[in-house]
**Q** 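Could you have a look at this structure, given as structure tokens, before my questions?
All values below were derived from every heavy atom in this structure, side-chain atoms included, with hydrogens, water molecules and symmetry-related copies excluded. Please read these numbers as outputs of a predicted model, since none were measured by experiment. Here is the naming used below: chain letters follow the sequence lines, and residue numbers restart at 1 for every chain.
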Number of protein chains: 2
Amino acid sequence: MATIKDLAARTGLSTATVSKYLNGFTLKERNALAIREAIAELKYRKNDIARSLKTSKSRAIGVLIPTLENPFYSAITSSIERTLMESGFSTIICSYYSELHAEREKIEFLLNKMVDGIIHFPLNRTVDYDILKQVDGTVPLVLVDRPIEGIECDVVMSDNVGAAFGAVERLIALGHRRIGIILGPDDQYSPALRLEGYRLAHEKHGLAVDPRLVVRGDYSMTSGRDLLFRLLDGENPPTAVFSTNYETTVGAMLGINERGISLPERLSFFGFDDFALSTVFRPRLSVVAQPVRLIGKTSAELLMRRVRGDLADFPLRVSLDAEILVRETIGPVAAE
Amino acid sequence: MATIKDLAARTGLSTATVSKYLNGFTLKERNALAIREAIAELKYRKNDIARSLKTSKSRAIGVLIPTLENPFYSAITSSIERTLMESGFSTIICSYYSELHAEREKIEFLLNKMVDGIIHFPLNRTVDYDILKQVDGTVPLVLVDRPIEGIECDVVMSDNVGAAFGAVERLIALGHRRIGIILGPDDQYSPALRLEGYRLAHEKHGLAVDPRLVVRGDYSMTSGRDLLFRLLDGENPPTAVFSTNYETTVGAMLGINERGISLPERLSFFGFDDFALSTVFRPRLSVVAQPVRLIGKTSAELLMRRVRGDLADFPLRVSLDAEILVRETIGPVAAE
DNA sequence: CGTCGAATGTTAATCGTTTAATGATGCGAG
DNA sequence: CTCGCATCATTAAACGATTAACATTCGACG
């Protein structure tokens, strides 16, 4: 592969001159032309690795996510990648598949690669986040979807409280007084917030929360189905159910279809996250849609700013509004 | 950030010795110990960029895909990433969003980054693939999902003909004689093969193909819905419909739900690709499931082999069997 | 014409590693 | 005691770019 040295030799110029030309300095037209010719003839391709070594900027960003198999993560990642690419940065993907050790291992991995910054989707677990403190001094870090206690850095997330509040309030407005909520694990971040929104909506409308209507699982599809059944099969079942993540929503719909429960006549159902599914079901699913594109774009843009040295408002906490998409699965509470 | 030089200074050894230690050579225990201590104290982190420059191996693989928003691509990508990570390689994602210029631009981009290999999902278009010939000489290239004429390289794909054949044969076995097929654009690779499978199944069973039952769109969700309607609204409509990609399948199901057509009584429906959807619909969707995990794993492993210099069987063309998942949307042809 | 300053080029060191070639050290055998 | 051979370490030159600091060219102007 041709190097700058080769171009220099071919044109009779020095490597410094060629390098400058390549970096946008203007030369005498004669020389510029000669270099252009040499590039074409020798099929010169610049070596970003060498450049990175010298400048200590890799123009690569590490994105650390639980998995690409979940549309929530892959949609955000997609939008991140697109935004970074527009700034000429490449995206190094690392999934950690919710494995404990993998997360810190991969942060090391990324740091070794001299990434210029990291975007991390932490899953809330009791994990040792010292490593993130190390990141702190090294490269900018943006956390997506939730903050981590003790780590001072930018965070981009959706307004979980507001999202849940909005959905539950819609249900209350339709006359529902017994609203079940399907939540995720205690040790994750968002469930508590979504529950808080649920609570606030009740409070605002002077309703008490029946703890039996608050059920928790592991945010998986099967847990969605199982918890739905638990709610429905309890004494004094809810007239509406709010599922608070994508997987449980799919699972719950599965359960609903399985039992042939007709929505919204016999039950009102509010889901979470707006991917392919919600437009396909009949009746069309009412969901809280997190602004995935925007989350991705925002975190990438924020990181770019930090990488460029713009530390204004650090640490910034961006909370993006979710959309409440009322479609066909919620309706007035069924007459007894 | 501490460098090898610092470790050397701290321990009184030479950089060469430290480097060797770091690369697994054995030293006198005394020295090894000293280095380990120094690493801890100085918080040494190896610099993969410098290493790459010297060794001309980046241990990074570029993955070029149309988009991460499509579950087919993101599932394969996920599996690629996982497999590569196991070999200590990082994955650089580049989406080209089906834009013509972006594809070649991004290949350049990846080559500049000195990736050790490229996995590419080409969309079949009349695009100038000279650039891929350049790749040829530089780093190994694995094509996923389809080959490109004139480019001699490894290809991993699913058995499109067999997949379609299998699905259509199931329908024929149920007595269907008029089977509609929803295809993608002419200039993509797989539609022709899927049609071929459809044709072969007819041929085998002595059936003629009615060209009016073969409809083409752009493989989008709306095209799925529209083409379904076109088939159903034609004179002498089909008793079964086979949709040949994920988007059109979702779109067609949307249309089916919209019209309240009951499956499989009034219509048998065979879809393509097995993502979240198919398990959620009631009745459960019968689909041809491409082995996405396996496609990802296989291409990554094959690329790793090439990167390691194992050129056995080059160029290799791997065709992976799709699974025919017969579930509830197909049934015997309706009695008139 | 000589001089000066802007514009254009060059020299050479450097980024943090790796690695051939070479050097030192120690140990057993004769 | 010395030779020879492993074994362990070191020297120093790369890898391909960038970039201060310095050198040259050239035209304008007094």
**Q** Verify the contact: side-chain N or O of B/Asn31 to OP1 or OP2 of D/dC8, cut-off strictly under 4.0 Å; return yes or no.
**A**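 Checking B/Asn31 against D/dC8: no side-chain N or O falls below 4.0 Å of OP1 or OP2.
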**Q** Please confirm whether the shortest side-chain N or O distance from B/Ser19 to OP1 or OP2 of C/dT18 is below 4.0 Å.
**A**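 It does, given that an N or O in the side chain of B/Ser19 lies less than 4.0 Å from OP1 or OP2 of C/dT18.
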**Q** Taking A/Ser19's backbone N and O only, do any of them form a donor-acceptor pair with A/Asn23's side chain (distance below 3.5 Å, no angle check)?
**A**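 It does hold such a pair.
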**Q** Specify the separation, in whole Å, of atom CD1 of A/Ile49 and atom P of D/dT18.
**A**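 For the pair A/Ile49 CD1 and D/dT18 P, the rounded distance is 13 Å.
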**Q** Report which part of the nucleic acid B/Leu27 touches: base, sugar-phosphate, or nothing (heavy-atom distance under 4.0 Å, all strands).
**A**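 Counting heavy atoms under 4.0 Å across all strands, the contact made by B/Leu27 is with sugar-phosphate only.
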**Q** Both B/Leu53 and B/Lys28 contact DNA chain C. Which one's nearest nucleotide lies toward the 5' end?
**A**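 Closer to the 5' end of DNA chain C: B/Leu53.
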**Q** Step by step, would you call A/Glu81 with A/Leu84 a side-chain contact (heavy atoms from CB on, under 4.5 Å)?
**A** CA-CA 5 Å; A/Glu81 190 266 341; A/Leu84 291 178; 5.9 Å; no
**Q** Looking at every non-hydrogen atom in both residues, tell me the closest pair between B/Pro66 and B/Leu123 and how far apart they are.
**A**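 It is CG-CD1, 3.7 Å.
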**Q** Round to the nearest Å and state the distance from A/Asn23 atom CG to D/dA20 atom P.
**A**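 The answer, rounded to whole Å, is 12 Å.
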**Q** Distance check needed: D/dA17 P versus A/Ile35 CD1, whole Å only.
**A**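 These atoms are roughly 13 Å apart.
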**Q** Please pick, from D/dT18, C/dT10, C/dG16, the nucleotide with the shortest atom-to-atom distance to any side-chain atom of A/Arg51.
**A**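 My answer, after comparing the listed nucleotides, is D/dT18.
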**Q** Just how far, in rounded Å, is P of D/dT18 from CZ of A/Phe25?
**A**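 Rounded to the whole Å, the gap is 10 Å.
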**Q** Provide, to the nearest angstrom, the distance between the CG atom belonging to A/Leu13 and the P atom belonging to D/dT24.
**A**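 Taking CG of A/Leu13 and P of D/dT24, I get 16 Å after rounding.
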**Q** Please determine, for the side chain of A/Thr26, which listed nucleotide (C/dC15, C/dT8, C/dA20) has the closest atom?
**A**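 Closest of the options to the side chain of A/Thr26: C/dT8.
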**Q** What integer distance in Å separates B/Lys54:NZ from C/dT18:C1'?
**A**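 To the nearest whole Å, that distance equals 5 Å.
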**Q** Looking only at the side chain of B/Asn47 (C-beta and beyond, no hydrogens), which of the listed nucleotides C/dT10, C/dT17, C/dC15 gets closest?
**A**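 So the side chain of B/Asn47 is nearest to C/dT17.
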**Q** Between B/Thr55 and B/Thr15, which has a closest nucleotide on DNA chain D that is more 5'?
**A**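 With B/Thr55 and B/Thr15 compared, the 5'-side residue is B/Thr15.
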**Q** Check whether any side-chain N or O of A/Tyr21 sits under 4.0 Å from OP1 or OP2 of C/dT10, and answer yes or no.
**A**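 For A/Tyr21, the contact criterion (side-chain N or O under 4.0 Å from OP1 or OP2 of C/dT10) is not met.
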**Q** Backbone N or O of A/Ser190 within a donor-acceptor pair of the A/Asn160 side chain at under 3.5 Å?
**A**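 No.
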**Q** Return yes if some donor-acceptor pair links the side-chain N/O of B/Arg306 with the main-chain N/O of B/Asp310 below 3.5 Å, else return no.
**A**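 Answer holds: yes.
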**Q** With the side chain of A/Ala50 defined as its heavy atoms from C-beta on, choose the nearest nucleotide among C/dT17, C/dT11, D/dG16.
**A**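 Closest of the options to the side chain of A/Ala50: D/dG16.
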**Q** Check whether B/Ser52 reaches the backbone of B/Lys57 with its side chain - one donor and one acceptor, N or O, closer than 3.5 Å.
**A**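 Answer holds: yes.
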**Q** Taking any heavy-atom pair under 4.0 Å as a contact, classify B/Thr3: base, sugar-phosphate, or nothing.
**A**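 Sugar-phosphate, backbone atoms only, no base.
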**Q** From the set C/dA20, C/dT10, D/dA17, return the single nucleotide nearest to any side-chain atom of B/Lys20.
**A**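 Out of C/dA20, C/dT10, D/dA17, the nucleotide with an atom closest to B/Lys20's side chain is C/dA20.
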**Q** Name the nucleic acid region contacted by B/Ile4, choosing base, sugar-phosphate or nothing; use a 4.0 angstrom heavy-atom cut-off, strictly under.
**A**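 Since only primed, P, OP1 and OP2 atoms lie under 4.0 Å of B/Ile4, the category is sugar-phosphate.
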**Q** Take the protein atom CG of B/Leu22 and the nucleotide atom P of D/dA9, then report the distance between them rounded to whole Å.
**A**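 Whole-Å distance recorded here is 14 Å.
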**Q** In whole Å, I'd like the distance from the NZ atom of B/Lys5 to the P atom of D/dT10.
**A**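 Between P of D/dT10 and NZ of B/Lys5: 15 Å.
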**Q** Of the nucleotides C/dT11, C/dT8, C/dT18, which has the atom closest to the A/Ala16 side chain?
**A**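 The listed nucleotide nearest to A/Ala16's side chain is C/dT11.
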**Q** Among D/dC15, C/dA13, D/dT10, which nucleotide has an atom closest to any side-chain atom of B/Ser14?
**A**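 Shortest atom-to-atom distance from the side chain points to D/dT10.
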